[in-house]
Amino acid sequence: MPGGPAQDPGLMAPKAAGANPQPSGPAGTDTLAATPSLSTLSPANDGILSPWGRFVRKSPLAALVLQRLALSIALLFAVSLMIFGGVEALPGDFATTYLGQSATPQAVENIRKDLGLDQPATTRYFQWLGGALQGDFGTSWASRNSVSEQIGKRLGNSLFLAFFAAIISIPLAIGLGMLAVHYRDRLADKVINVFSLAAISLPEFFVGYLLILFFAVQMGIATFPATVYDSMSLTERLSAIALPTATLVLVVLAHMMRMTRAAILNVMSSAYVETAELKGLSGLRIIARHAAPNAVAPVINVIALNLAYLVVGVVVVEVVFVYPGMGQYMVDAVTVRDMPVVQACGLIFAAFYIFLNMTADILAIIANPRLRHPR
Amino acid sequence: MPEPSRTELLSVRNLKIEATSYPPGEPPKTVTLVEGVNFDVQKGKVLGLIGESGAGKSTIGLTALAYGRGGVRITGGEVRLNGQDLLKLDHTGIRKVRGAKVCYVAQSAAAAFNPAHRLGEQVIEASLKHGIMSRAEAEKRALYLFRVLGLPNPETFGERYPHQVSGGQLQRAMTAMALCPNPELIVFDEPTTALDVTTQIDVLAAIKHAIEETHTAAIYITHDLAVVAQITDDILVLRHGKMVEYGSVKQIIEAPTQEYTRALVNVRGTGREEAADQSGTLLKVDNVTAGYSNGFKVLQNVSLHLPKGQTLAVVGESGSGKSTLARVITGLLPPQEGTVSFDGKPLPRALKGRGNEELRRIQMIYQMADTAMNPRQTVRNIIGRPLTFYFGMHGRQKTERVKELLDQIEMGDRFLDRFPAELSGGQKQRVAIARALAARPELILCDEPTSALDPLVAEGILKLLLKLQEETRVSYMFITHDIAIVRAIADSVAVMHRGRLVRFGPKSKVLSPPFDDYTDLLLKSVPEMEIGWLEKVLKTRRMESAGN
């Protein structure tokens with residue numbers, strides 16, 4: 001496909017090829033393009049460019065994605081430092097907590113030596129980091145089990161819950177958001193808004209207890225507690241997690257739905273939506289096909305934040321429903337000062353956050369046709 | 001007014017359009033935008049709607065699709081398409097008309113195309129959704145239309161995204177989109193206004209060719225009578241939502257009966273002789289090259305000068321580096337090479353290095369007076385600010401001077417405490433001029449100050465600028481893409497093309513032959529108030545290209 005000068009057969013004399021104007025575009029279309037590296041996309045003028053500069057010009061999309069990846073890895077290292085430093089700075093230590101009344105200086109010293117705490121912090125940091133990079137988070141001080149093994153199981157449970165909450169809440173939020181736009185300022189929109197506001201305002205433990213009260217206690221149609229075992233079948237598991245899933249859906253739904261509504265409403269006043277309307281298209285088609293694709297970037301970001309919450313922030317819900325996930329594991333570890341577990345949980349949570357946000361960033365970049373299909 | 005007959009495709013009778021306005025601090029009130037408008041469009045004919053902004057042109061054009069933009073309501077009258085009153089249709093009925101029987105071409109195709117979808121998909125969407133043709137048929141028709149409209153590589157054009165093609169091409173693609181479902185009527189809403197003159201002529205020719213090919217009727221909305229004269233059969237002149245004059249092109253252009261129409265036809269009457277002596281140099285731009293950090297050079301080796309009390313017009317299409325030149329002179333963009341001298345002394349390259357006095361002597365007026373003024377400040381503060389900044393004026397002395405300036409721009413002191421939002425477009429530009437004058441500058445850089453204004457208002461601003469020049473001996477560097485303005489006000493002219501100066505000298509020399517290729521193209525592209533001008537120009541072009 002020719003990207004260069006346009007040929008206008010029979011119509012044009014010497015024409016300023018490529019210098020044609022883009023009549024002042026609307027602010028709306030350019031918000032997506034407001035990524036920092038976009039300035040490097042301007043017309044060809046190969047002066048003094050580094051290899052990286054040439055790569056940016058040739059495939060701007062890949063360059064942006066690579067940038068984000070590199071940034072995420074750097075960020076993860078910074079976070080690992082902060083976690084280690086934070087845990088070091090915590091008052092109290094495992095040995096005194098573990099020994100309780102019988103904490104003689106000698107015994108404390110022995111335990112500290114046992115756990116390798118007598119070595120300098122930098123050595124321990126690099127040992128820990130080296131192990132973590134290979135998937136080995138060390139041994140739990142309290143249970144003497146492998147942290148990785150324990151976390152593997154818990155993380156699986158947490159992800160299982162998060163996954164179901166996500167596949168219900170995301171389509172529901174986007175669908176409701178579109179409906180709210182379609183019926184904007186009418187009854188349906190108001191009902192959706194009030195409902196979502198109420199859901200977002202109630203604390204999750206309260207929602208959880210309400211659901212338990214109605215569905216488990218009074219009607220008796222749901223299982224409580226939501227504890228899952230290895231021996232359970234999939235259907236048993238699903239019925240066990242029904243209530244926590246519902247709680248999580250209610251908590252994250254409102255946020256995503258309101259963002260979807262706001263983002264789509266924002267582009268509903270664009271000229272291209274008017275064009276669609278003047279083509280005689282139906283209201284829902286205009287929203288779904290002409291408005292929504294241009295409102296993707298902010299919505300993706302909110303979805304990523306909520307997904308991260310579903311993995312990382314579910315501590316309260318897990319505790320309420322006695323669900324054996326990561327959150328509960330970490331809370332237990334903090335109370336006994338089981339540092340390897342705390343560090344491992346912290347690092348994994350941080351990794352999830354960074355990974356999800358990076359994915360959101362990259363998806364938002366890909367969703368921008370200007371970057372996907374450079375001139 | 002004739003009664004609607006069978007041959008009329010669209011007939012509009014007693015149209016009344018209203019909107020609700022919400023003035024701050026007052027109860028909402030209903031404003032009548034359009035009243036008592038009657039017109040007909042015959043099958044296969046083109047009607048031009050002409051008038052300044054606020055005349056209700058677009059609002060009336062959109063009634064053919066029974067559409068009110070942004071809370072505008074059609075409250076009375078009839079809009080009959082093939083005898084059927086569109087205003088009596090329900091929502092579903094209207095949807096069946098839009099995009100099938102009546103289509104719309106917007107002013108800014110760049111904004112009207114959805115950035116997220118390929119052009120081809122958007123062009124055939126209405127045809128498919130209304131069930132007018134199958135996908136294969138629609139694609140075939142789109143290809144045919146791309147060819148008729150002279151788009152490059154018509155076979156693959158539809159695969160592109162809107163940002164991948166130029167503004168002129170987008171405007172033609174939008175015309176293809178409107179023509180695709182075989183509509184009976186197309187509403188063109190200023191389709192070439194946002195384009196450069198050199199591009200405008202191609203788009204105009206393509207549109208004309210396409211409506212002739214497909215025998216589609218059209219309503220063509222514009223504020224430029226010269227453009228409408230090339231393409232329409234009848235013209236309806238509008239002002240303040242009412243009809244001024246309605247007749248054939250020939251009658252309106254050659255024998256207008258109304259005062260207002262006559263003013264529109266003769267709008268380009270301002271003019272003056274160039275100064276005889278152009279040897280002095282107040283401003284001297286010497287071999288300037290400037291660009292951005294990514295290595296792209298926007299200006300290359302530009303040299304020109306401007307004597308005191310005279311006007312230099314800088315012309316060129318968008319992207320030619322006109323505004324960048326102004327940015328270099330003000331110091332907003334330091335040049336990479338070359339120097340700018342003022343009154344014999346070289347100016348510090350960057351804004352930061354310049355003293356108060358150097359700043360005071362060069363002022364600017366912008367294209368969009370709207371965005372160049374703080375909407376939360378009154379006229380008194382806007383004009384008074386430079387008085388305090390440069391001359392340390394306060395209190396009564398300052399107020400007196402602001403009043404004096406308001407008199408100079410022919411507005412008077414009743415505007416002292418108005419906010420920009422309470423002024424019309426022309427008044428805003430006048431306030432911007434007063435703000436520049438307040439500094440008692442020796443040079444004012446005018447960056448297309450009239451291009452966003454209606455022709456009659458623009459003419460008023462030009463006259464004001466000329467008057468002020470006589471009174472204060474100020475020099476202007478006037479950036480424009482409009483040759484008519486150059487003829488009217490310039491002493492010397494600089495023609496720019498893709499960052500280079502292609503021609504510079506006294507007006508009489510620059511605008512007379514022998515021309516270089518670019519200046520020739522630029523001059524020939526300016527529409528003239530003459531029926532058949534477009535055909536004539538296209539014919540000479542064809543002959544030239546055949547000769548080559």
Side-chain angles (χ1 to χ4, degrees), chain A residues 1-3 5-16 18-26 28-29 32-33 39-40 42-49 53 269-283 285 289-294 296 367-370 372-375, chain B residues 62 65 67 69 94-100 103-104 106-117 125-126 129-130 150 152-153 156 159-161 163-169 194-196 198-199 202 205-206 292 294-297 317-320 497-498 517-518 521 538 541-542 544-545:
Chain A
M1 206 160 74
Q7 296 301 314
D8 295 26
L11 281 170
M12 243 359 254
K15 175 174 174 178
N20 266 330
Q22 285 284 346
S24 57
T29 52
L32 290 182
S39 57
T40 50
S42 30
N45 183 286
D46 284 330
I48 342 98
L49 278 175
S269 53
S270 341
Y272 52 79
V273 169
E274 186 184 89
T275 307
E277 204 163 325
L278 291 177
K279 277 182 183 173
L281 305 178
S282 70
R285 184 179 166 88
R289 181 156 171 89
H290 286 277
N294 294 292
V296 161
N368 182 350
R370 283 165 197 270
R372 207 169 56 230
H373 307 275
R375 286 182 79 104
Chain B
L62 283 168
L65 296 107
Y67 183 78
R69 188 180 268 160
I94 288 171
R95 259 181 48 204
K96 284 184 184 143
V97 173
R98 289 180 188 164
C103 291
Y104 180 72
Q107 172 172 1
S108 171
F113 269 110
N114 194 324
H117 299 297
E125 186 180 19
K129 287 296 140 190
H130 288 292
N153 306 89
T156 53
E159 288 165 21
R160 302 211 190 174
Y161 280 84
H163 68 270
Q164 292 176 310
V165 306
S166 73
Q169 290 168 6
L195 304 175
D196 281 315
T198 47
T199 318
D202 294 326
Y292 296 101
N294 59 12
F296 183 68
K297 288 195 174 63
E317 55 196 43
S318 33
S320 63
H497 182 47
R498 305 176 81 184
D517 285 352
Y518 180 70
L521 174 70
L538 293 176
R541 274 199 191 177
R542 267 195 293 276
E544 274 166 19
S545 58

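Reminder, nothing fancy here: chain letters follow the sequence lines and each chain counts from 1. Hydrogens, waters and symmetry mates play no part in the numbers below; they use all other heavy atoms, side chains included.
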key: Portion of B:Ala112 that has a non-hydrogen atom of chain A nearer than 4.5 angstrom   = both

ask   = B:Ala116 and A:Asn294: which non-hydrogen atoms are nearest, and at how many Å?
value = CB-OD1, 3.6 Å

query = So, for A:Ala291 and A:Val273, which heavy atoms are closest and what is the spacing to 0.1 Å?
reply = CB-CG2, 4.3 Å

message = Going by ring pair (Phe, Tyr, Trp, His ring centres under 6.0 Å), name the residues that satisfy it together with B:Tyr67, two or more places apart in sequence or in a different chain.
response = none

Proximal component of A:Ser269, with respect to chain B [non-hydrogen, under 4.5 Å] = neither

message = Can you list everything that forms a side-chain hydrogen bond (donor to acceptor under 3.5 Å, both in side chains) with A:Arg285? Sequence neighbours excluded, please.
response = B:Glu125

message = Heavy-atom cut-off 4.5 Å, strictly under: side chain, backbone, both or neither for A:Arg372 against chain B?
response = side chain

remark   = Applying a strict 4.5 Å limit to non-hydrogen atoms, the region of B:Leu62 in contact with chain A is side chain

